[in-house]
> 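One structure, as structure tokens, below. Some questions next.
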Amino acid sequence: MAETATLTQAPARIDFGRFPRTNLCHRPTPIEAMPRLTELLGGPRLFIKRDDCTGLATGGNKTRKLEFLVGEAMREKADMLVTQGAVQSNHVRQTAAAACKVGMKCHVLLERRVPGRDASYETTGNVLLDDLFGATHEFRPAGLDMNAEAEAVAEALRAEGHRPYFIPGGGSNPTGALGYANCAQEIAEYTSETGQAFDWLVMATGSTGTQAGLVAGFQTIGHDLPVMGVSVRQPRERQMSAVHGLTQKTLEKLGAEGVPLSRILVDDGYVGEGYGIPAESTMEAIRLLARQEGILLDPVYSAKGMAGLIGMVRQGFFKPTDNVLFLHTGGAVALFAYQDQLIASMT
Ligand SMILES: *Cc1c(COP(=O)(O)O)cnc(C)c1O
């Protein structure tokens with residue numbers, strides 16, 4: 001009986017149509033082989049899912065989340081998006097662009113989270129594009145509860161007659177994480193359409209919505225691809241419990257059963273000195289991907305994630321026959337805010 005049921009059952013699909021959503025994203029994003037990086041490292045077969053090509057304002061992972069967040073903002077008849085991030089936040093840039101696309105205003109709080117940067121850090125890269133998209137911004141010193149700060153600002157704006165919709169940092173709440181549950185489904189569909197299966201999925205993890213959404217998505221459709229998050233900021237235990245918390249809330253929103261903490265995999269060996277401070281391995285990852293594959297990584301997130309993948313290959317973490325998929329989460333706009341380090345790393 002049970003065997004028959006398994007054979008005749010179509011793969012489970014999530015009905016995303018029951019959630020408000022607006023179209024911002026090029027989907028599905030391509031999956032490409034990385035033969036020259038694979039050969040150089042002499043390890044498992046490496047692939048990359050190009051979420052740097054989501055199509056909104058140079059792309060990146062926040063676009064998938066914003067489809068559901070902005071969808072909800074539109075349903076609430078908001079006229080303004082309010083969010084927060086670090087100075088060189090990719091999330092803020094994509095939110096500012098999304099606001100333009102749907103005809104809303106955008107106001108953001110930028111946290112001076114990274115110490116020791118020169119003045120241009122606050123005008124170039126993502127900040128330049130935030131300004132181009134007409135977002136207004138105000139700065140905050142490091143270490144505040146930035147979501148609380150941004151919610152307070154949203155309340156003040158509401159009192160002035162605006163209709164703000166608050167988006168937490170990184171778009172990481174159960175609504176935003178739906179974007180990555182959708183990405184999990186996309187990866188499973190790619191495998192069933194092409195026959196190319198993967199043994200591991202690796203990516204950078206920060207505000208947690210990407211990893212939580214992926215784990216929740218795979219759990220909901222019954223696909224057991226392990227998801228390894230490479231921390232860009234927090235120590236392992238803290239990141240695991242934060243990712244797990246959002247995974248459970250996202251599963252609840254999807255109407256699916258929860259997962260044990262042991263399903264959340266995090267490596268914190270590639271943070272270096274801290275958030276937004278590239279380590280030696282970060283700069284090496286940027287150089288290798290550029291020169292082996294013609295792909296741009298960023299110094300805050302995706303290159304730390306890739307440094308993790310490279311490190312795991314070198315340590316023999318994967319089997320030589322494994323197929324390993326790296327999720328490129330975008331961010332290359334920030335390269336211009338790290339010009340000095342980039343130049344130094346090439347000499
Ligand atoms: C935000 C971001 C991440 C991290 O995703 P989270 O959902 O915040 O964990 C990774 N890469 C880039 C380029 C990002 O901008």
Side-chain angles (χ1 to χ4, degrees), residues 29 48-54 56-66 68-69 83-98 111 113-114 125-126 129-130 146-147 167-184 201-217 227-234 238-240 242-247 250 264-268 270-271 275-276 278 282 285-286 289 295-309 326-335 337-338:
T29 54
I48 188 163
K49 183 159 174 71
R50 300 295 303 271
D51 271 19
D52 57 324
C53 300
T54 49
L56 181 71
T58 78
N61 62 337
K62 304 313 181 303
T63 304
R64 286 186 193 271
K65 302 178 184 181
L66 286 163
F68 291 97
L69 293 160
T83 195
Q84 59 91 3
V87 168
Q88 283 295 331
S89 167
N90 302 299
H91 160 68
V92 164
R93 180 241 316 153
Q94 287 162 84
T95 303
E111 180 190 5
R113 196 187 292 168
V114 183
N126 281 298
L129 299 188
D130 301 342
M146 285 296 289
N147 280 335
I167 298 176
S172 287
N173 62 14
T175 301
L178 290 176
Y180 273 89
N182 187 239
C183 181
L201 176 59
V202 179
M203 82 284 139
T205 179
S207 72
T208 75
T210 301
Q211 187 170 7
L214 288 165
V215 174
V227 182
M228 173 62 80
V230 181
S231 180
V232 301
R233 185 179 191 185
Q234 299 214 85
R238 269 178 66 184
Q239 188 68 11
M240 279 172 62
V243 172
H244 186 244
L246 183 54
T247 303
T250 307
I264 309 300
L265 308 173
V266 171
D267 188 333
D268 65 359
Y270 302 87
V271 177
Y275 176 88
T282 319
I286 292 177
L289 265 282
I295 289 174
L296 295 174
L297 298 176
D298 83 279
V300 182
Y301 293 97
S302 56
K304 286 191 176 173
M306 180 55 77
L309 173 62
F326 180 75
L327 176 69
H328 192 333
T329 43
V333 166
L335 279 172
Y338 287 83

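Order of appearance sets the numbers: ligands from 1, and atoms from 1 within every ligand. Small disclaimer: the values here were computed from a predicted structure and weren't measured.
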> Is the side chain of Y180 donor-acceptor paired with the backbone N or O of A216 at a distance under 3.5 Å, no angle test?
no
> Could you tell me which non-hydrogen atom of H328 sits nearest to which non-hydrogen atom of L296, and how far apart they are?
NE2-O, 2.7 Å
> Just let me know how M203 lines up against ligand 1, side chain, backbone, both or neither, with a heavy-atom cut-off below 4.0 Å.
neither
> Just distances here: any N/O of T210 and N/O of ligand 1 closer than 3.5 Å?
yes
> Does Q211 reach ligand 1 with a nitrogen or oxygen that is under 3.5 Å from one of the ligand's nitrogen or oxygen atoms?
no
> Only one of N126, T329, D52 forms a side-chain hydrogen bond (donor to acceptor under 3.5 Å, both in side chains) with N90, so which one is it?
N126
> With heavy atoms only and a cut-off of under 4.0 Å, state how T208 meets ligand 1: side chain, backbone, both or neither.
backbone
> Within a distance under 4.0 Å of any heavy atom of T205, pick out the atoms of ligand 1 and give their elements.
9 (O)
> Can you name the closest pair of heavy atoms from K65 and S172 and give their distance?
NZ-OG, 3.2 Å
> Could you see which bit of V300 sits under 4.0 Å from ligand 1, with heavy atoms only: side chain, backbone, both or neither?
neither
> Would you mind reporting whether K49 and L201 have side-chain heavy atoms less than 4.5 Å apart?
no
> Determine whether Q239 and D268 make a side-chain contact, defined as any pair of heavy atoms from C-beta on separated by less than 4.5 Å.
no
> Just to be sure I'm reading this right: ignoring hydrogens, which of L246, N61, T329 gets closest to atom 4 (C) of ligand 1? Compare them by their nearest heavy atoms.
N61
> Mark yes or no for whether R93, through its side chain, and G59, through its backbone, hold a donor-acceptor pair below 3.5 Å.
yes
> Near K65, which atoms of ligand 1 are under 4.0 Å from a heavy atom of that residue?
6 (P), 7 (O), 8 (O)
> At the 4.0 Å heavy-atom cut-off, does G60 count as touching ligand 1?
no
> How close does the nearest protein non-hydrogen atom get to atom 8 (O) of ligand 1, and which residue and atom is it?
S207 OG, 2.5 Å
> Could you tell me if any non-hydrogen atom of G170 lies under 4.0 Å from any atom of ligand 1?
no
> Only heavy atoms of D298, strictly under 4.0 Å: list the atoms of ligand 1 that pass.
13 (C)
> Can you report which non-hydrogen protein atom sits closest to atom 13 (C) of ligand 1, along with the distance?
G330 O, 3.1 Å
> In ligand 1, which numbered atoms sit nearer than 4.0 Å to a non-hydrogen atom of G206?
4 (C), 6 (P), 8 (O), 9 (O)
> Indicate the atoms forming the closest heavy-atom contact of D51 with C183, along with that distance.
OD2-SG, 4.0 Å
> List the atom of P174, the atom of L246, and the distance in Å for their closest heavy-atom pair.
N-CD1, 3.5 Å
> Taking only heavy atoms of N90 into account, list the atoms of ligand 1 that are under 4.0 Å away from them.
13 (C), 14 (C), 15 (O)
> Within the 4.5 Å heavy-atom criterion, are V266 and Q234 side-chain neighbours or not?
no
> With atom 15 (O) of ligand 1 as the reference point, say which of R233, H91, K62 has the nearest heavy atom.
K62
